[in-house]
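Just below is one structure, and these are the notes that go with it.
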Amino acid sequence: MHSPDRAISIIELLSRNAVGLPLSAIADELSIPRSATHRLLADLREEGYVRQEYEGGTYRLTAKVVALGFTFLGAAGVTAEIQPILDRLAERTGELIVLAVVDGERLLRVAKAQGARRGLLYHQDEGPEVYLAATSNGHAWLSCLGEEEALQLVAKQGYNRPVDGPTASKTLRDILTYVEAARDRGFAKISETYVAGTSAMAAPIFRPGTRRAIGTLSVAGPLLRMTDEHMDSLAPTLFASAVEIAEAGSELPIFEQAREAAR
Amino acid sequence: MMSSRNRAISILELLSQHAWGLSAHDIAARLGIPFAATQRVLAGLIERGYAHGGPEKGDLFRLRVKLPALGLAYLGATGVTDLVQPILDDLAKRTGELVRLAVIEADSLTWVAKSQGARSGLLYNPDTDAEVHLPATANGRAWLSCLGDHQARTLIEKSGLSAAGTIDALLHDVAVARAQGYAVVSESYEAGTSAVAAAIRRSATGSPIGTVSIAGPTIRMTPVRIREFVPWLLASATELGAAASSSPLFKGL
């Protein structure tokens, strides 16, 4: 029996359910007896990670798990070294910037900066893991891998997720076409494959002196502003920021997993 | 001795402050957990993708990016990154100093976001605990100023202050903050730095939900400059109150 793992399972479950869950749903979802779930939640509440609106109400995460992530990013030098690069790119493009990091066989969103202040915002609302089949960050990473490895990763994660983009890729062949195009032009470009009315572009971040991707950097926004031509015109700016991040950050702990994988 | 079910989280908390890693012995010693148990919990964290390290004796254990990614995803789901961060960025750009946001959680104040305005020269970038120290920081005092004296005194005592004279002096400062609508702290939290903070109130109800501060080196954060910042700070606090209303992160009260 692994009590610590259960507490973390509850945090993970609640992080995917921002509006909160009742005790019964948490117990059922994680297959933990209700009495044990009650104890775990009481402990998490005691430690400040979880909050219950009222007796018998739903449980939600507090901001503490977010603060813990920020503490790590601060201690890891990301806040000082990399966030300013993202902020500048957001300012220059006026769109949403996302930095994703290669972590083993997954790509995780680690930091972002929102350049659009008013008007149409591209609101991203999803889990930590990048969906490889239909996102610009996913395609950018896949474009750095061999076809076999890329296909394996896509198949492993799945590629039939219901997404609301009208042009979502339905087959592995479609996805490979996108990835090959990304490899040819050096960055990935998608329009309405993931979210209707939005497009995005992403470039790989290479470990300096290699062609090994340690992360990806994306610009996303409403299709209205992020037209095909506009994305092409932003490419040099995106590349420059990707290089800047590689130079400033490739030795930081967040890229450790990508380094390990390269060995 | 803490209960065993807190250990995984305790280790995550410790490693989040030591991004370059700690040895298993070091972790065990710092947390007062038996070495064998520490190794077991670390193995669990590694298996779940939160940490990596080992297996050689003396090898360092570090966090992977799963924890910040989880936090970012949750923050995204609550709408804070998209709505709140731009407001902080604007204030940071305008003042050229460090702007920080803390949210009220029951009896404590937790840092959740920041934006650094100073691009070069002296940077004030404190490495902080997740929790705001109430008596000594501008953020803490800005929150205390929203409360009655009795409640403020209770929180101050809870934070560890006990000398009656000290508490009375602090309550006096809090009263000043209450009267002027913002709190100023000079050299109190860290030598050479000053900060000014205001409470963020929910637009609809006026109840306090967090605080926002501007902090920097005292040589730049002079009384004159702080007075210049105040209208911007208060305007940002109002805007944050509006933006935050849509976010479950701020439902703490």
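Keep in mind that the numbers below use all heavy atoms, side chains included, and drop hydrogens, waters and symmetry copies. By convention in this document, chain letters (A, B, ...) are assigned in the order of the sequence lines, proteins followed by strands, and residues within each chain are numbered from 1.
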**Per-residue contact mode, A111(A) against chain B (heavy atom under 4.5 angstrom)** = backbone
**Heavy-atom closest pair, residues L15(B) and F72(A)** = O-CD1, 4.3 Å
**Message:** Is any side-chain heavy atom of L108(A) closer than 4.5 Å to one of R64(B)?
**Reply:** no
**Message:** What's the separation between atom CG in L72(B) and atom CG in L73(A), rounded to the nearest 0.5 Å?
**Reply:** 8.5 Å
**Item:** All side-chain contact (heavy atoms from CB on, under 4.5 Å) counterparts of A133(A), not counting sequence neighbours
**Value:** Y131(A), V154(A), Y159(A), I175(A)
**Fill in**
Bottom line for R16(A): the part with an atom under 4.5 Å from chain B's heavy atoms is neither
**Asked** Can you say whether L14(A) sits under 4.5 Å from chain B via the side chain, the backbone, both, or neither, judging by heavy atoms?
**Response** backbone
**Asked** Got a second to check how far L70(B)'s CG is from L61(A)'s CG, nearest 0.5 Å?
**Response** 7.5 Å
**Prompt:** Between G71(B), A19(B), G21(B), which has the largest tally of heavy atom pairs under 4.5 Å with chain A?
**Reply:** A19(B)
**Prompt:** Closest approach of Q17(B) and A75(A), non-hydrogen atoms and distance?
**Reply:** O-CB, 3.8 Å
**Message:** Go through it in stages, so that I can follow the logic: the residues are E12(A) and K66(B), the test is side-chain contact (heavy atoms from CB on, under 4.5 Å), and I'd like the CA-CA distance, side-chain angles, deciding distance and then a yes or no.
**Reply:** CA-CA 10 Å; E12(A) 288 178 355; K66(B) 186 166 178 179; 3.2 Å; yes
**Message:** Any non-hydrogen side-chain atom of I9(B) less than 4.5 Å from a side-chain atom of L68(A)?
**Reply:** no
**Fill in**
Closest non-hydrogen contact found for A76(A) with W20(B) is O-CZ2, 4.3 Å
**Message:** How about CD on E46(A), more than 12 heavy atoms from neighbouring residues, nucleotides or ligands closer than 6.0 Å, or not?
**Reply:** no
